[in-house]
Amino acid sequence: MAMQVFNTLGRRKQKLIPRREGEVSMYVCGATVQSEPHLGHGRAAVAFDAIRRYLEWRGYDVIYVRNITDVEDKIIAAAAEQGIPVPELAGIMAKRFEEAHSALGVRPPTIEPRATDHIPHMVKLIETLIDKGLAYPAGGDVYFAVRSLPGYGRLSGRSLDDLMVGARVEPGEHKRDPLDFALWKGAKPGEPAWDAPWGGGRPGWHIECSAMAMEYLGNGFDIHAGGTDLIFPHHENEIAQSEGATGQPFARYWLHNEMVNLGGEKMAKSTGHVIDLSEAIRRFTPMAVRLFYLRAHYRSPQEYSDELLADARSAIERLWAFRRRTEVTGHPEPTVMEEFVEAMDDDFNTALAISVLFDTVREGNRLIDRGEDAGPWVGAFDEIVEVLGLEPPRSELAEIAEQVDELLRSLAVSPGATPEESMDRLLSERDQARSRREWERADAVRDGLAALDIVVEDTPHGARWHRR
């Protein structure tokens with residue numbers, strides 16, 4: 001079956017046919033860096049990272065562009081409230097997003113443009129729209145004339161009549177039509193500003209992504225992605241201004257992830273109705289948070305709860321416990337990989353792919369218990385977790401490796417070559433001590449690990465451990 005993606009532009013699944021053979025170009029709307037990232041931001045980052053990883057695994061050369069919006073009304077307001085310069089706040093928060101993405105296993109983009117580095121590109125694009133009669137200066141601002149371009153609303157499925165309901169001209173705006181949107185905002189005291197032919201000021205939010213996407217990917221690139229909250233007006237306006245300027249299609253496929261909800265309501269910075277992403281990563285571990293996201297199809301809403309994150313943490317430990325049971329591996333089991341590809345080829349269905357992964361673990365454990373060859377299932381496991389970005393956290397013990405080795409030496413046992421091997425030796429020593437009824441020695445291992453925030457659980461398949 002050919003790879004199918006759900007295209008918001010048309011609201012149907014379509015065969016993915018890149019504009020250039022063997023290459024997929026992606027533009028993903030990145031963070032507006034006015035405050036700390038919340039759990040909803042992490043979902044978008046992980047969803048499109050998983051899509052990128054899968055496309056690369058399928059043999060595509062992926063050009064992945066994800067922007068940083070570092071000048072915008074909300075950033076300016078937040079900086080003023082905190083009494084610090086806009087660039088300083090934007091730099092701090094961009095770093096917070098980078099740290100969270102890294103913890104979640106999100107690969108860095110091929111290109112990560114910042115809005116403030118591309119003001120000349122935006123000015124040039126606005127000039128083109130003015131020259132074509134699609135935009136007009138007014139009162140120091142520049143507006144896009146929505147009614148001048150046929151087809152506005154086709155991405156969001158809204159008609160101009162629908163949009164007129166509730167439309168208004170806000171105080172201080174000089175637009176001719178309530179539907180028109182700002183491409184440029186005139187300079188105000190204390191706000192960042194750049195020179196432009198129609199007067200100093202700063203770009204509107206929507207023009208930023210159009211300018212950066214076309215600068216690095218050109219016209220008609222393959223995938224434009226972001227959250228469903230961006231469909232209107234952000235992405236709708238991107239299409240209007242981009243296609244109005246070039247007369248050519250902007251993006252071929254539009255992919256949108258659904259929201260993470262809290263108490264049935266969308267997480268949003270504007271309302272403070274959020275769960276801090278860094279805090280969730282700290283409480284439940286990074287890979288548990290990543291697994292939480294991937295357990296749902298990217299187009300399905302997700303409801304947050306501590307219980308769901310705790311369950312994801314237990315589930316991720318089951319994955320690592322399976323992999324620690326054996327060093328044997330083999331060529332991935334073909335039937336498993338066929339099921340995985342079938343799931344991911346159907347609009348990147350990670351929920352079904354995760355189900356395939358846990359079925360693989362169950363079969364692999366069954367074969368190991370019976371002393372049979374589990375190599376192909378272990379091979380399939382390794383392949384799938386790498387594609388989904390759920391690689392076992394081999395560095396999880398790195399920060400306490402010396403303490404683990406010291407605990408082994410206190411038991412007159414030589415440390416292993418890796419932190420994981422040292423842990424295996426500790427658990428083996430504990431098992432042997434228990435079998436010999438050397439309870440004091442067994443308790444020394446348990447208590448020593450507990451002091452390092454490592455919990456040991458005894459299961460029918462042997463002892464398992466996880467960080468508290």
Side-chain angles (χ1 to χ4, degrees), residues 29-42 44-45 66-101 112-123 126 137-144 168-175 178 180-212 226-227 229-230 232-234 237-238 262 265-279:
C29 280
T32 299
V33 288
Q34 85 262 24
S35 59
E36 301 278 352
H38 61 66
L39 205 69
H41 296 126
R66 186 187 66 217
N67 73 295
I68 293 176
T69 294
D70 56 352
V71 60
E72 198 263 345
D73 291 349
K74 295 175 183 177
I75 303 174
I76 294 169
E81 183 179 342
Q82 296 178 40
I84 62 176
V86 169
E88 181 180 344
L89 175 65
I92 292 170
M93 293 307 162
K95 183 66 174 177
R96 298 279 198 277
F97 274 86
E98 179 185 343
E99 291 168 350
H101 290 162
E112 191 169 40
R114 290 180 178 240
T116 53
D117 293 333
H118 295 78
I119 304 296
H121 303 82
M122 300 171 203
V123 169
I126 294 171
D141 303 327
V142 180
Y143 295 95
F144 184 90
R168 55 175 292 181
V169 178
E170 298 293 338
E173 292 183 325
H174 300 86
K175 53 188 176 183
D180 296 347
F181 60 87
L183 300 172
W184 187 264
K185 299 186 177 185
K188 296 179 182 178
E191 293 188 358
W194 291 262
D195 292 333
W198 45 83
R202 57 187 171 85
W205 175 36
H206 313 301
I207 199 70
E208 296 178 1
C209 284
S210 287
M212 291 185 283
D229 57 333
L230 300 180
F232 186 87
H234 187 51
N237 291 349
E238 278 190 61
L262 178 61
E265 296 181 26
K266 181 190 82 170
M267 289 192 188
K269 294 179 184 178
S270 58
T271 62
H273 194 69
V274 298
I275 295 294
D276 184 82
L277 179 57
S278 299
E279 175 67 11

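All residue numbers refer to positions in the sequence shown, counting from 1.
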- [ ] Tell me, please, which residues at least two apart from E173 pass side-chain hydrogen bond (donor to acceptor under 3.5 Å, both in side chains).
- [x] none

Open item on the list: In the structure I gave you, are the side-chain heavy atoms of E112 and I68 within less than 4.5 Å of one another anywhere?
Closed with: yes

Task: Those residues that, when tested against A77, pass side-chain contact (heavy atoms from CB on, under 4.5 Å) (two or more places apart) - done: none

TODO: Enter the distance from H234:NE2 to F181:CZ here, rounded to the nearest 0.5 Å.
DONE: 10.5 Å

Task: Residues which pass side-chain hydrogen bond (donor to acceptor under 3.5 Å, both in side chains) with N237, listed by chain and number, not counting sequence neighbours - done: Y152, H206

Task: Distance in Å, I126 CD1 paired with I207 CD1, rounded so as to fall on 0.5 Å steps - done: 5.0 Å

Open item on the list: Going by ring-ring contact (aromatic ring centres under 6.0 Å, His included), name the residues that satisfy it together with H121, two or more places apart in sequence or in a different chain.
Closed with: H118

Task: Residue pair D141 / G186: nearest heavy atoms and the distance that separates them - done: OD1-N, 2.7 Å

- [ ] List the atom of A115, the atom of T69, and the distance in Å for their closest heavy-atom pair.
- [x] CB-CA, 4.4 Å

Open item on the list: With a 4.5 Å cut-off on side-chain heavy atoms, are R114 and D70 touching?
Closed with: yes

Open item on the list: Restricting to non-hydrogen atoms, name the atom on A187 and the atom on A193 that form the minimum distance, rounded to 0.1 Å.
Closed with: CB-CB, 3.9 Å

Open item on the list: For a 4.5 angstrom cut-off between non-hydrogen side-chain atoms, does F97 reach V33?
Closed with: yes

Task: Point-to-point distance, once rounded to the nearest 0.5 Å, from CD1 of I76 to CD of Q34 - done: 11.5 Å

Open item on the list: Suppose we screen for side-chain contact (heavy atoms from CB on, under 4.5 Å). Which residues come up paired with P178, at least two apart in sequence or across chains?
Closed with: M164, A167, V169

TODO: Could you list the residues that satisfy side-chain contact (heavy atoms from CB on, under 4.5 Å) with P197, not counting sequence neighbours?
DONE: V123, E127

- [ ] Could you name each residue pair satisfying side chain to side chain donor-acceptor pair (under 3.5 Å) that touches residues 190-201, not counting sequence neighbours?
- [x] E191-R202

TODO: Measure the spacing between CD1 of I75 and CG of L89 and express it to the nearest 0.5 Å.
DONE: 7.0 Å

Open item on the list: Just to verify, what does D180 make a side-chain hydrogen bond (donor to acceptor under 3.5 Å, both in side chains) with, not counting sequence neighbours?
Closed with: Y136

- [ ] First locate atom NE2 of H41, then atom OG of S35, and finally report the distance between them rounded to the nearest 0.5 Å.
- [x] 6.5 Å

- [ ] Could I get the full list of side-chain contact (heavy atoms from CB on, under 4.5 Å) partners for D229, not counting sequence neighbours?
- [x] M259, K266

Open item on the list: Working note: I275 + H38, criterion side chain to side chain contact (heavy atoms under 4.5 Å, CB included); need CA distance, chi angles, decisive distance, verdict.
Closed with: CA-CA 5 Å; I275 295 294; H38 61 66; 5.9 Å; no

Open item on the list: Could you report the tightest heavy-atom contact between H174 and A138, atom names first, then the distance?
Closed with: O-CB, 3.5 Å

TODO: Go through the structure and list residues passing side-chain hydrogen bond (donor to acceptor under 3.5 Å, both in side chains) with K185, not counting sequence neighbours.
DONE: D73

- [ ] Would you give the length of the straight line joining atom CH2 of W184 to atom CD1 of I119, rounded to the nearest 0.5 angstrom?
- [x] 6.0 Å

TODO: Kindly state each residue pair satisfying side chain to side chain donor-acceptor pair (under 3.5 Å) with at least one member in residues 77-99, sequence neighbours excluded.
DONE: E36-R96

